[in-house]
Amino acid sequence: MLTPSELSLCFISGKWQPAISKKQFSVCNPATQEAIGRVPNCDEQDTELAIAAAQTAFHTWRQQTAKQRADLLMGWRDLILANESTLAQLMTLECGKPIAESEREVRYAASFIQWFSEEAKRVRGDLIPEPSKDRRLLVQKQPVGVCAAITPWNFPLAMIARKCAPALASGCTVIIKPAEQTPLSALAIAKLAELAGIPDGVFNVITTSQPDNVGAVLASHPLVRKISFTGSTGVGKKLLGQAAQTVKSVSMELGGNAPFIIFDDADLESAIKGAIGSKFRNNGQTCVCANRFIVHESLVERFAQLLAQQANQLIVGDGLDRQTELGPLINQTAVGKLDRLLEDAISKGAKLVTGGGIHPAGPLFYKPTVITGVNTEMDIAHEEIFGPIAAVYSFATEQQAIQLANATPYGLAAYFFTTDISRIFRVSDALDFGMVGINEGVMSSEMAPFGGMKESGLGREGSHYGIDEYLEVKYLCLGGLS
Ligand code: NAP
């Protein structure tokens, strides 16, 4: 049921169907670059069909009690966990991440569904003290309506779950447009949603290799009341412009440029452990991966040597091999970007400590790389690296470190290591980032708010804040009371 050949149709209104045009596109394994499946290449017409289905289903889904919706979500979550191994294999096949990381992502995705099935029952209203005795002021929360979720390839399941679970819990219906590199994971959890009894039209998946056309319909259609997007800041800005035409609610989880500061009083051993976790998770291809190691000048050489030593020990290879710690990059464009950033940095004075260039495992594999002497003249200081290059900067004073960390239009995740309690509060207050890891290199949890400031986005996902993104606040003024 969940093999690539059985995931060749999209899911609209509870029916498995090809694109109206009958066109398809191939899905490739980045480790081998072999085609592993073919899925429908949906266009504007299919998108319209999915929107109509979601709108029809919305009328009845919103009428279910929170408990009914919560029970269905928990059934879906149980099926996802029961199929952890199959889903993880599929994920590794289409995005290349090591199998243990894929298994963790399946559990992470399930944790959002569990969390929001519980939150469904806690969507409370409010009773406001009345301004005069003949009135009662009430506040209730209602689902926004039909939601479109556009998701990236680097977390093929978790990003869908983080959006759809709160949407469904609050009574909204959804249309998912997964990334074209990773449509199979999305179709697989649609199979499980169907099996769990989620009603027809509540959860729809359209696959496409024409994101501009499909995205434009989703973002501008009057029946779609919410766009939740995770991806690059450039595409996010485009969608924001399109969504403005019908004044849609928007949630934007966009790019990052995470600083990772190591102060002179840090516990270096735990900073290195945090640095490896933060930099090399998913081969550096996450929005919260450390992008800039900002290290006190007294530690910089030691830090770079220790980081290089550990980076060199990481096992690079096909993610299906259980030993693998770093899989392939997603495509040739990603490899080209790393080469360009590295070349630019070295031409401007950065020093290669280890790595650099393609790994013998294959054309999309990259050597874990560490460079020092990085500065803000280099492109690597301003772009998301999205790969296994650790760029090390040095600083002298706390003020310099904070200034350097904040010198970016992005504001998603930041990290710092120190053992000084006063500095912990001073620095976390000063950092313009939505999430701050203090003496921690990995901090995501379904219970904590995930999201960014500045050009890293709008809104928060996960936690008790996450469901508000899918709810409208309605004020009722009851008058004429005696
Ligand atoms: P991307 O190119 O922006 O793609 C993300 C999604 O948007 C994909 O489904 C893509 O479809 C679709 N898309 C592309 N052009 C579109 C358009 N004109 N209209 C509508 N949809 C469009 O980003 P990516 O390279 O896949 O992912 C990496 C980016 O995501 C990084 O910047 C990373 O930081 C960010 N990210 C952020 C978070 C977060 O929570 N803040 C989490 C993960 C990733 P196709 O696949 O067909 O191109």
Checklist entry - Around atom NZ of Lys273, are there more than 12 heavy atoms of other residues, nucleotides or ligands at under 6.0 Å? => result no
Smallest heavy-atom separation, Val473 atom then Val139 atom, equals CG1-CG1, 3.5 Å
When Ser251, Ser228, Ser249, Ser170 are each screened for side chain to side chain donor-acceptor pair (under 3.5 Å) with Glu469, the one that passes is Ser251
Checking Thr207, Thr208, Asp46 against Asn41 for side chain to side chain donor-acceptor pair (under 3.5 Å), the one that qualifies is Thr208
Report, as yes or no, whether the 6.0 Å neighbourhood of atom OH on Tyr108 holds more than 12 heavy atoms from other residues, nucleotides or ligands.
yes
Nearest heavy-atom approach of Ala407 to Arg292 is O-NH1, 4.4 Å
By ring-ring contact (aromatic ring centres under 6.0 Å, His included), Phe203 pairs with (sequence neighbours left out) Trp76
**Asked** Honestly, is Lys97 close enough over Phe155, meaning NZ or CZ under 6.0 Å from the six-membered ring centre and within 45° of the axis?
**Response** yes
Heavy atoms of Thr92 and Ser102 approach each other most closely as OG1-OG, 2.7 Å
Closest non-hydrogen contact found for Pro178 with Pro183 is CG-CA, 4.0 Å
**Asked** If only atom types and distance count, is the side chain of Gln142 paired as donor or acceptor with the main-chain N or O of Glu472 below 3.5 Å?
**Response** no
- Over-ring placement of Lys279 relative to Phe260, 6.0 Å and 45° cut-offs: no
**Prompt:** So, does Asp43 use its side chain to make a donor-acceptor pair with the main chain of Gln45 at under 3.5 Å?
**Reply:** yes
For residues 77-84, tabulate all N or O donor-acceptor pairs below 3.5 Å that involve a side-chain atom, not counting sequence neighbours.
unit_1, atom_1, unit_2, atom_2, d
Arg77, NE, Gln114, OE1, 3.1
Arg77, NH2, Gln114, OE1, 2.8
Asn83, ND2, Leu79, O, 2.8
Glu84, OE2, Arg107, NH1, 2.8

| request: Say whether Asp420 and Thr418, considering side chains only, have a donor N or O and an acceptor N or O under 3.5 Å apart. | output: no
Between Ile402 and Ala430, the two heavy atoms sitting closest are CG2-CB, 3.8 Å
With a cut-off of 3.5 Å and sequence neighbours excluded, list every side-chain donor-acceptor pair involving residues 449-460.
unit_1, atom_1, unit_2, atom_2, d
Lys454, NZ, Asn406, O, 3.4
Lys454, NZ, Thr408, O, 2.8
Glu455, OE1, Lys237, NZ, 2.9
Ser456, OG, Gly255, O, 2.6
Ser456, OG, Gly411, N, 2.9
Ser456, OG, Leu412, N, 3.3
Arg460, NH1, Gly452, O, 3.2

Original post:
Just checking, any donor-acceptor pair under 3.5 angstrom between side chains of Asn291 and Asn257?
Top reply: yes
